[in-house]
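Below, chains carry the letters A, B, ... as their sequence lines are ordered, and counting in each starts from 1. Remember, it's a predicted structure, so these values are computed and weren't measured experimentally. Any value given below was found using the heavy atoms of this structure, including those in side chains, with hydrogens, waters and symmetry copies removed.
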Number of protein chains: 2
Amino acid sequence: MTTSGVVPQARFSAQARLRALQSDIMELILERELEAGDPLPTESELSVALGVGRNTLRESLKVLQALGVIEIRHGFGMFVAPSNFDALADGLTFRGRLSLRHQGLEALQLVDVRQALESGLIGSSMDVMTPEQLASIEEAVKQMEDLAAAGENFVAADAEFHRRLFEPLNNELLINLMGVFWKVYRKIHVEIGPGNEDLMKTAAMHRNIYAAVAAGDKASASELLNRHFDGIRRRIGEAVGD
Amino acid sequence: MTTSGVVPQARFSAQARLRALQSDIMELILERELEAGDPLPTESELSVALGVGRNTLRESLKVLQALGVIEIRHGFGMFVAPSNFDALADGLTFRGRLSLRHQGLEALQLVDVRQALESGLIGSSMDVMTPEQLASIEEAVKQMEDLAAAGENFVAADAEFHRRLFEPLNNELLINLMGVFWKVYRKIHVEIGPGNEDLMKTAAMHRNIYAAVAAGDKASASELLNRHFDGIRRRIGEAVGD
DNA sequence: GGGTTATCGGATGTAGGACGTCCGATGCTC
DNA sequence: GAGCATCGGACGTCCTACATCCGATAACCC
């Protein structure tokens, strides 16, 4: 009807266009050599520069924010983000919970991956571990034991233990990934109920892992970690089987 | 100023509200026990049900689509998605390229994680590998050698080799993650230029890995993989150092 | 009557405008 | 000079209108 049929490009699927728009924004950041923390153009400027409406643009921007590429501050502006894996964690959590309704397959796969990372990298981490870092690990163990003695749950302390275990590697990506796995597992753990796990036993298991690390026994540490994950896997299996 | 100060909830940051909205949508899916492939309510229905405008809702929807939680089909509807890690790959690729401008730190971390996964899981994969799967691996090696002999690059064949190496584990999450890492590395590889790598040498290295796997020598396979990644790491280091 | 094509309805995609909300910065008052 | 009010810019939300796409129904032709 309209006479403006001069649309040049054969329209791809809408999804492809949205992804192209995201790529364009990222390319723009790279081209202008913006660093983490640097400000981006305003939404209005971007919508003009990229030739799309502000609404369409915002949808792409929100995705980039979720991916941890940019940071949006209300009333101030948009900036290149340092790092953020929260969104990924949410997505994986959702999949894990969804899978629990069936066989818990994805949840178990998640544990497998985490196990490979932890038992595979514990040796490297021990190689470059400082005495201070070793002490901070024991501190985390102590905290778990205290909480266990008080009968309280120690999700945070447990996560902290594992984080400190691999802090020496100085690999943010790894820490973030493990954080994601942890977050997912924690959510799933809530879903499958408090369980009848023995807090003291769990704390003792972590004490053993610490002992192996302190002794410099890589093989033993790796093996203990493996057994730790076997327990987790068994618990998920029980939850699914009921 | 206005007398309508009856707003019940103390307004959190806009970002928190958006995340809450995403969670609400995912909760809605879980509550209604929707399975992968099942249709979601329409945008209009959702915007009414969740008490937000269609525009705001769509921003959350697009994020969920990017996270692989839902699938949106233009003119048809929205559905619970099976799985999709493309968005994550894009985000990580961006970070990797961004980091190349500095020390290439994140790119190297990415290689570390992938190395831990591959060398850590090769043993488990060999445990459950069938003769057919082993044969398919050799096939991939052969393809690499043919391409190398022809002087052509073999990015796809290389990726396929690594994929088949861990296919026996039947762990989709792992395959997806490795796919992400591969995609990122490939993009970075393009960025740092074709390099002066020796195709024949690379192909031969993969042949060696295959040989160790075929011989059932786990330690050797793991070690060869480690050396393979050392080469990749060196190449990134060279690209950054120029 | 069976297969093909045209039309229709519904759902998502895009655009633009209007207004609310938040934040930092400027300038004023005390 | 310190504290506070105001201002302007930028993001957040909503609404309306129209474009585009897809599947399904219904009309059509053979």
From CD of A/Q15 across to C1' of C/dT14 the rounded distance in Å is 16 Å
If you restrict it to nitrogen or oxygen atoms, what contacts under 3.5 Å exist between nucleotides 5-11 of chain D and the protein, and what is each distance?
| unit_1 | atom_1 | unit_2 | atom_2 | d |
| --- | --- | --- | --- | --- |
| D/dG9 | N2 | A/G75 | O | 2.9 |
| D/dC11 | OP2 | A/E43 | N | 3.0 |
| D/dC11 | O4' | A/G75 | N | 3.3 |
| D/dC11 | O2 | A/H74 | NE2 | 3.2 |

Atom CG of B/L64 and atom P of C/dT12 are separated, to the nearest Å, by 14 Å
query = OP1 or OP2 of D/dG12 sitting under 4.0 Å from any side-chain N/O of B/T56?
reply = no
Spell out yes or no: do the side chain of A/N55 and the base of C/dG13 have one donor N/O and one acceptor N/O closer than 3.5 Å? no
Here the distance between atom C1' of C/dT12 and atom CG of B/L46, to the nearest Å, is 13 Å
* Whether over 12 other heavy atoms sit under 6.0 Å from A/K183 NZ -> yes
Below 4.0 angstrom, N of the basic side chain to O of the carboxylate: do A/D112 and A/R233 qualify? yes
Here the distance between atom P of C/dA11 and atom CG of B/L57, to the nearest Å, is 14 Å
Next on the checklist: Can you tell me if B/Q133 has over 12 outside heavy atoms packed within less than 6.0 Å of its CD?
Outcome noted: yes
Axis-to-axis angle for the helix from C/dG1-D/dC30 to C/dC30-D/dG1, ends of five pairs each, to 10°, equals 10°
Those residues at least two apart in sequence (or on a different chain) that pass ring-ring contact (aromatic ring centres under 6.0 Å, His included) with B/F166 are none
B/L50 CG to D/dC14 C1', in whole Å, measures 15 Å
Are the charged groups of B/E59 and B/R54 less than 4.0 angstrom apart, N to O? no
Tell me, do A/L46 and A/L28 make a side-chain contact under 4.5 Å, heavy atoms counted?
yes
query: Hey, are the side chains of B/V184 and B/F181 touching, using non-hydrogen atoms and a 4.5 Å cut-off?
result: no
A/R19 CZ to C/dG13 P, in whole Å, measures 15 Å
SB check B/E160 B/R163 (cutoff 4.0 Å)
yes
* Would the number of heavy atoms belonging to other residues, nucleotides or ligands and lying under 6.0 Å from CD of A/E43 be above 12? -> yes
